[in-house]
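This one's a predicted model, so the numbers in the text were calculated from it and none came from an experiment.
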Amino acid sequence: MADKPVPIAEKRLMDVKLGELTSWATTKDFSPNGIIAAIRRGHDRYYNKYINVKKGGIGGVAMLLTGYVLLSYVWEYDHIKHDRWRKYH
């Protein structure tokens, strides 16, 4: 028995082929409510996969903190780069 093809609107981003990317993106809801719902779904997925587990470790929290550190560095990179050139003057 062959599997039915999944409609492109129901595919996840990782399952979409490169040629289908534009048609997949046009099916998404980019209104403020749609964006908030997508963020909420992502948070729920992350929480249930890494935080809300019976036998958890430090992996989920470490991933969150690493992401925070990298994002902070990217935001402050211009300031850090500017300080690097005037360090000894």
| message | List the residues meeting salt bridge (Lys or Arg N to Asp or Glu O under 4.0 Å) with K28, not counting sequence neighbours, and say none if there are none. | response | none
| request: Report the residues that fulfil side chain to side chain donor-acceptor pair (under 3.5 Å) with S31, sequence neighbours left out, ordered by chain and then residue number. | output: D29
| message | Determine whether L65 and V61 satisfy the following criterion, side-chain contact (heavy atoms from CB on, under 4.5 Å), listing intermediate values before the conclusion. | response | CA-CA 6 Å; L65 290 175; V61 177; 4.2 Å; yes
| query | Do any N or O atoms from the side chain of E10 and from the backbone of P7 form a donor-acceptor pair under 3.5 angstrom? | reply | no
| field | With sequence neighbours excluded, residues passing side chain to side chain contact (heavy atoms under 4.5 Å, CB included) with V69 | value | none
| said: Starting from W24 and following side-chain heavy-atom contacts under 4.5 Å between hydrophobic residues (I, L, V, M, F, W, Y), which residues can be reached? | reply: I8, L13, V16, L18, L21
| query | Got a sec, which hydrophobics cluster with M14, joining ILVMFWY side chains under 4.5 Å apart, including via others? | reply | none
Check: residues 35-49 side-chain donor-acceptor pairs under 3.5 Å, at least two apart:
from: Y46; atom 1: OH; to: G60; atom 2: O; distance (Å): 2.3
from: N48; atom 1: ND2; to: D44; atom 2: O; distance (Å): 3.2

